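In what follows, every chain begins at residue 1, and chains take the letters A, B, ... in the order their sequences are listed. For clarity, every value in this text was computed on a predicted model and none was experimentally measured.
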Number of protein chains: 2
Amino acid sequence: MEMAPEDEGHQQHQPNRLGEMAYRNMKERLIRGAFSPGDKLTIRALSEMLDVSTTPARDAINRLVIDGALIYSGPKTVIVPHLRLSDLEEITQMRLALEGLAAALSVKAAGEQTIEELELLQAKIDTALDEKRYFDALWHNKEFHFAIYRLSGMPYLLQVIETLWLRVGASFNGLYPEFSETRYGARNHRAAIEALVEKDAAAARAAIESDIRDGFRQMKKITADGDQRNLCRR
Amino acid sequence: MEMAPEDEGHQQHQPNRLGEMAYRNMKERLIRGAFSPGDKLTIRALSEMLDVSTTPARDAINRLVIDGALIYSGPKTVIVPHLRLSDLEEITQMRLALEGLAAALSVKAAGEQTIEELELLQAKIDTALDEKRYFDALWHNKEFHFAIYRLSGMPYLLQVIETLWLRVGASFNGLYPEFSETRYGARNHRAAIEALVEKDAAAARAAIESDIRDGFRQMKKITADGDQRNLCRR
DNA sequence: CATGTTTTTTTGTTGCAACAAAAATGTGAA
DNA sequence: TTCACATTTTTGTTGCAACAAAAAAACATG
């Protein structure tokens with residue numbers, strides 16, 4: 001007996017469907033700033049919010065805690081963490097190492113199509129800033145970076161980098177519009193594109209590292225306190 | 001009125017006690033080579049093995065899958081993965097970036113006590129090799145590396161590095177005694193200790209990077225196949 | 001008002017069972 | 001044997017409830 005047309009694309013089986021969905025959903029919300037540092041999250045509240053049972057909600061929260069996107073403030077209390085300066089410094093160091101690596105590796109796979117995509121994304125960033133849509137600008141900025149990193153062909157590397165972005169992203173909002181307005185990244189992005197065109201690994205790494213460093217300085221300047229206080233308002 | 005600093009992240013409690021225990025237990029077993037690539041793991045089998053219910057067993061397996069220490073070979077089948085050359089290359093690149101960073105940062109905190117500890121660990125490695133206790137040698141080798149990395153004072157960095165070691169460690173055994181016998185690491189370890197004594201960050205990074213590269217070459221030579229085949233016997 | 005103390009409510013953990021889907025096994029024909 | 005098909009067993013997922021512990025609220029006391 002003939003089987004139904006099994007579309008050639010091999011189906012990606014999805015283990016832990018609801019839990020994975022809850023995790024991605026929460027990740028998105030955290031990056032988009034749906035929660036503020038200090039907000040308390042509970043399994044039952046999340047399960048109600050996403051209309052699933054407690055098991056997938058618990059899976060999502062546990063995983064976010066492992067990522068560092070949520071932390072325990074007590075034995076039975078998980079909250080959105082206040083990002084301390086020491087955290088930001090650690091994350092920045094790791095970003096420099098890993099995103100620098102990804103950028104250096106990306107030049108091998110960089111083609112014309114990629115360049116066009118990056119140019120387009122940079123244009124989107126610029127127009128978003130012109131129109132003061134700061135959130136969109138930051139979103140396209142992320143797309144720009146990961147469009148490059150994806151060229152490295154290293155999936156686990158990408159996963160770790162994304163987790164680092166998640167951790168800063170969660171405590172990122174509230175810094176508008178000061179943070180985005182400066183357009184600190186434009187020059188670095190241009191340099192990165194140029195490096196990809198010329199397939200210069202060292203230059204690509206330098207451009208990305210410079211972008212990360214500028215962003216770090218920018219965040220530090222805005223928050224304007226060098227001690228253990230958190231980096232977010234309220 | 002002034003409130004005391006809340007110090008939200010650094011409390012000591014154990015959320016998910018049984019699940020965490022199961023996770024650590026499995027991690028240990030994987031590194032020690034209790035399983036071979038291709039072995040199938042099931043929730044119920046693990047829950048019976050560790051004498052807990054299915055929930056903590058499921059938590060442990062899910063987390064190991066996230067780490068990459070286990071993978072799905074089918075919708076309902078998780079196995080110990082065969083480490084492919086491309087995986088080893090990705091892991092090695094990330095190790096160079098992150099362990100190089102940790103080593104460079106470690107020199108700031110390196111004191112006399114640390115040096116003595118490292119000398120002692122290196123002595124243990126040497127004697128273990130002399131007595132052909134290859135597993136002990138590899139264990140002390142790990143202790144040596146992490147004794148340095150711990151000086152960086154960056155907990156999340158350490159966590160990511162440890163996950164990378166877990167992934168190679170799981171497919172590592174079966175390479176005895178060829179791998180350990182060569183003592184490729186002794187020279188690099190000496191160089192690392194020397195760098196810490198002189199607080200030379202660049203030298204520390206170079207020594208660790210050299211160690212990682214030598215280990216990678218060693219593994220590649222032993223396995224002796226450059227294609228997609230796995231790196232483990234059987 | 002401030003501050004301990006008690007009571008009530010909430011919460012994470014853990015075990016477990018039902019269910020559908022997948023894997024393993026059995027069966028038979030060429 | 002080998003392959004295709006049918007049957008049985010196993011498995012992950014998901015929801016849920018009991019329990020102890022923790023958090024919140026209520027209360028009392030100075």
Side-chain angles (χ1 to χ4, degrees), chain A residues 1-7 10-26 35 37-81, chain B residues 1-4 6-26 35 38-81:
Chain A
M1 157 190 326
E2 190 65 20
M3 297 185 67
E6 279 276 344
D7 59 354
H10 59 289
Q11 280 188 356
Q12 194 86 331
H13 62 283
Q14 197 154 359
N16 211 353
R17 291 201 303 267
L18 293 187
E20 191 72 19
M21 184 264 273
Y23 171 71
R24 291 185 198 282
N25 196 320
M26 282 301 296
F35 304 96
D39 284 0
K40 199 174 92 173
L41 288 233
T42 68
I43 292 175
R44 287 171 175 88
L46 183 59
S47 82
E48 213 171 308
M49 178 188 301
L50 304 181
D51 199 51
V52 293
S53 83
T54 57
T55 305
R58 193 182 91 107
D59 287 347
I61 289 182
N62 280 341
R63 186 160 168 190
L64 289 167
V65 168
I66 293 169
D67 287 344
L70 300 177
I71 63 167
Y72 281 84
S73 72
K76 292 194 168 185
T77 318
V78 295
I79 63 171
V80 180
Chain B
M1 83 191 46
E2 193 67 16
M3 293 191 67
E6 292 222 358
D7 193 23
E8 61 190 18
H10 293 286
Q11 298 186 30
Q12 298 267 359
H13 34 36
Q14 269 178 347
N16 212 353
R17 289 198 294 259
L18 293 188
E20 191 72 19
M21 183 263 274
Y23 171 71
R24 291 185 199 280
N25 196 319
M26 282 301 295
F35 304 96
D39 284 0
K40 198 173 90 173
L41 277 271
T42 69
I43 292 175
R44 287 170 174 88
L46 184 59
S47 81
E48 212 170 309
M49 179 189 300
L50 304 180
D51 199 50
V52 293
S53 83
T54 58
T55 304
R58 193 182 91 107
D59 287 347
I61 289 182
N62 280 342
R63 186 161 170 189
L64 289 167
V65 168
I66 293 169
D67 288 345
L70 299 177
I71 61 169
Y72 281 86
S73 72
K76 293 193 168 188
T77 318
V78 296
I79 63 170
V80 180

Between B:E20 and B:R24 (salt bridge meaning N to carboxylate O under 4.0 Å), is one present in this structure?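 So B:E20 pairs with B:R24 through a salt bridge.
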With sequence neighbours left out, which residue pairs that include part of residues 38-68 of chain A fulfil the ring-ring contact (aromatic ring centres under 6.0 Å, His included) condition? none
Base-contact (B) and sugar-phosphate-only (S) positions in nucleotides 6-16 of chain C, heavy-atom cut-off under 4.0 Å, - elsewhere: -----BBSBBB
Identify, with sequence neighbours excluded, every residue that meets side chain to side chain contact (heavy atoms under 4.5 Å, CB included) alongside B:I71. B:I79, B:P81
Quick check: closest heavy atoms across A:Y23 and A:A60, and the distance to 0.1 Å?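 A:Y23 and A:A60 have their closest heavy atoms at N-CB, 3.6 Å.
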Among B:T55, B:D51, B:V52, the one residue meeting side-chain contact (heavy atoms from CB on, under 4.5 Å) with B:L18: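 Only match with B:L18 under side-chain contact (heavy atoms from CB on, under 4.5 Å): B:V52.
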